[in-house]
Amino acid sequence: MPELPEVETIRRQLAPLVVGRRVLDAGGHPSAKFATAVEATGSVVGSVRRRGKYLLVDLDDDRELVIHLGMTGRIRVREPGAPDDIYVRAWWDMGDQVLELHDVRRFGRVAVVERGCYSSLATLDRLGPEPLGPDFTPAGLWEALGRSHTRVKTHLLSQRPVAGVGNIYADEALWRAKINPGRRSVGKDAAARLHRALVEVLDAAVRNGGTTLRDYRTVEGATGTNQFHLECYGRGGEPCHRCGTVLSRGVVDGRGTTWCPTCQAR
DNA sequence: CGCAGCGCCTGAAGGC
DNA sequence: TGCCTTCAGGCGCTGC
């Protein structure tokens, strides 16, 4: 599941391949989530940016192509004329190469919008600060968490207190910060620990090229290596690396969750 | 406006 | 072996 580190890894690889190139033709799966890919036809690609888990491809006519990878989305750049692949949900032909969104489960989506106008994309429109940028602060996180009584993990997944955190890094950061994922309020000290944990976990994951559990691949088709550094996610039933207690596995607001019942006691 | 609950998707894995 | 069920889960939408 591509979260911030995975999308950032993709962004870095994609940018030099497409910047300055013109979209000669484009198309998408007939569903509304992908059909608007065609609207980028004729535009020239500017910079490739990222906000949270959203890939933002600037176009030269004050518009931008927004791509979300959902659960199983992959970005590929291939030579034209390759055999059909039934899972290509959107494509942009740039002449001697084709940019593709490959997405088995179709949880991803594509949109072409006026630059910075995200009213049609509610989550992006109300996205929290970038966790690896200057706007993400311990005090700001504490304040954001205090505005809600939603369980802290669920709140993180909403993308509002901070951008780009999904199930893997939520579990990792909460474990590192020693916060129970089901808590409905977080004190100032705990918020500061969570802030630090999020920055450390996400920064390390970017340096490791993302976490590949099953579907995630870089633009070049490689796997990340961060899966070898996970302390909590996917380790239910195994001993906590801090205290040795067997990690619990359960469901928090419908999301599979792993935590240490000792380090992260209520 | 906030938020809980539901539906979208399909391959993999497990049960019998 | 093969069929069936369950699971994975980000996010948009609906309705209270």
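Below, read A as the first sequence line, B as the second, and so on, with proteins coming before strands; counting in each chain starts at 1.
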Query raised in the report: Under 4.0 Å between a side-chain N or O of A:Tyr169 and OP1 or OP2 of C:dG10?
Result: no

Query raised in the report: Within the structure, does a side-chain N or O atom of A:Lys33 lie under 4.0 Å from either OP1 or OP2 of B:dC9?
Result: no

Query raised in the report: Is there a donor-acceptor contact under 3.5 Å linking the side chains of A:Ser43 and A:Arg63?
Result: yes

Query raised in the report: Which nucleotide in the list B:dA12, B:dC3, C:dG10 gets nearest to the side chain of A:Met1?
Result: C:dG10

Query raised in the report: Please give, in whole Å, the distance from C:dG12 P to A:Arg160 CZ?
Result: 13 Å

Query raised in the report: Taking NE2 from A:His155 and P from C:dC11, how many angstroms apart are they, rounded to a whole number?
Result: 14 Å

Query - Listed once per pair and sorted, the ring pair (Phe, Tyr, Trp, His ring centres under 6.0 Å) pairs that draw on residues 108-140 of chain A, sequence neighbours left out - result: A:Phe136-A:His195

**Report entry** Listed partners of A:His68 passing ring pair (Phe, Tyr, Trp, His ring centres under 6.0 Å), at least two apart
**Finding:** A:Tyr54

Query raised in the report: For DNA chain C, what residues of residues 247-259 of chain A have any heavy atom nearer than 4.0 Å?
Result: A:Arg249, A:Arg255, A:Gly256

Requested in this report: Could you check how far CG of A:Leu156 sits from C1' of C:dG9, rounded to whole Å?
Outcome: 16 Å

Query raised in the report: Taking atom C1' of B:dC3 as reference, at what distance in whole Å does atom CZ of A:Arg184 sit?
Result: 11 Å

Query raised in the report: Thinking salt bridges, do A:Asp189 and A:Arg193 make one under a 4.0 Å N-O criterion?
Result: no

Query raised in the report: Taking only residues two or more places apart in sequence or in another chain, which ones pass side chain to side chain contact (heavy atoms under 4.5 Å, CB included) with A:Arg217?
Result: A:Arg74, A:Thr212, A:Thr223

Query raised in the report: Expressed in angstrom and rounded to an integer, what is the separation of A:Met71 atom CE from C:dC7 atom P?
Result: 15 Å

Mind listing the side-chain donor-acceptor pairs of residues 258-266 of chain A below 3.5 Å, one per line with the distance, residues two or more places apart or on another chain?
| unit_1 | atom_1 | unit_2 | atom_2 | d |
| --- | --- | --- | --- | --- |
| A:Thr262 | OG1 | A:Thr245 | OG1 | 2.8 |
| A:Gln264 | OE1 | A:Cys260 | N | 2.8 |
| A:Gln264 | NE2 | A:Leu174 | O | 3.2 |
| A:Gln264 | NE2 | A:Ile179 | O | 2.9 |
| A:Arg266 | NH1 | A:Gly182 | O | 3.2 |

**Report entry** Sequence-distant partners of A:Ser47, side chain to side chain donor-acceptor pair (under 3.5 Å), two or more places apart
**Finding:** A:Asp58

Query raised in the report: Mind checking what makes side chain to side chain contact (heavy atoms under 4.5 Å, CB included) contact with A:Pro5, not counting sequence neighbours?
Result: A:Glu3, A:Tyr169, A:Leu202, A:Ala205, A:Val206

Report task. Report the end-to-end axis angle of the helix from B:dG2-C:dC16 to B:dC16-C:dG2; each axis comes from five terminal pairs, and the value is rounded to 10°. Result -> 40°

Report task. Give a yes/no answer on whether the side chain of A:Gln159 brings an N or O atom under 4.0 Å of OP1 or OP2 in C:dC11. Result -> yes

Query raised in the report: C:dA8 P sits how many Å from A:Leu69 CG, rounded?
Result: 22 Å

Requested in this report: Just grab all the ring pair (Phe, Tyr, Trp, His ring centres under 6.0 Å) pairs involving residues 207-251 of chain A, residues at least two apart or on different chains.
Outcome: none

Report summary line: Whichever of A:Thr150 and A:Ser31 has the more 5' nearest nucleotide on DNA chain B, that residue is A:Thr150

Query raised in the report: Between A:Glu231 and A:Arg242, is the closest basic N to carboxylate O distance under 4.0 Å?
Result: no

**Report entry** Lys/Arg-Asp/Glu bridge criterion (N-O < 4.0 Å) met for A:Arg12, A:Glu8
**Finding:** yes

Requested in this report: Record whether the side chain of A:Arg105 comes under 3.5 Å of the base of C:dA8 through a donor-acceptor pair of N or O atoms.
Outcome: yes

**Report entry** Note, A:Lys33 side chain near A:Asp103 side chain (heavy atom, < 4.5 Å)
**Finding:** no

Query - Ion pair A:Arg78/A:Asp85, N-O distance below 4.0 Å - result: no

Report task. Specify the residues of residues 106-126 of chain A, ordered by number, for which at least one heavy atom lies under 4.0 angstrom from an atom of DNA chain C. Result -> A:Phe107, A:Arg109, A:Thr123

Query raised in the report: Separation of A:Arg147 atom CZ from B:dC3 atom P, in whole Å?
Result: 10 Å

Atom pairs, N/O to N/O, protein against nucleotides 14-16 of chain C, distance under 3.5 Å?
none

Report summary line: For A:Phe107, the ring pair (Phe, Tyr, Trp, His ring centres under 6.0 Å) test, sequence neighbours excluded, returns none

Query raised in the report: Would A:Arg21 and A:Asp96 pass as an ion pair if we require N to O under 4.0 Å?
Result: yes

Query raised in the report: Could you state the CG-C1' distance from A:Asp215 to C:dC7, rounded to the nearest angstrom?
Result: 14 Å

Requested in this report: Would you mind classifying the nucleic acid contact of A:Thr72 as base, sugar-phosphate or nothing, using non-hydrogen atoms under 4.0 angstrom?
Outcome: nothing

Query raised in the report: Taking only N and O in the side chain of A:Tyr87, is any of them less than 4.0 Å away from OP1 or OP2 of B:dG11?
Result: yes

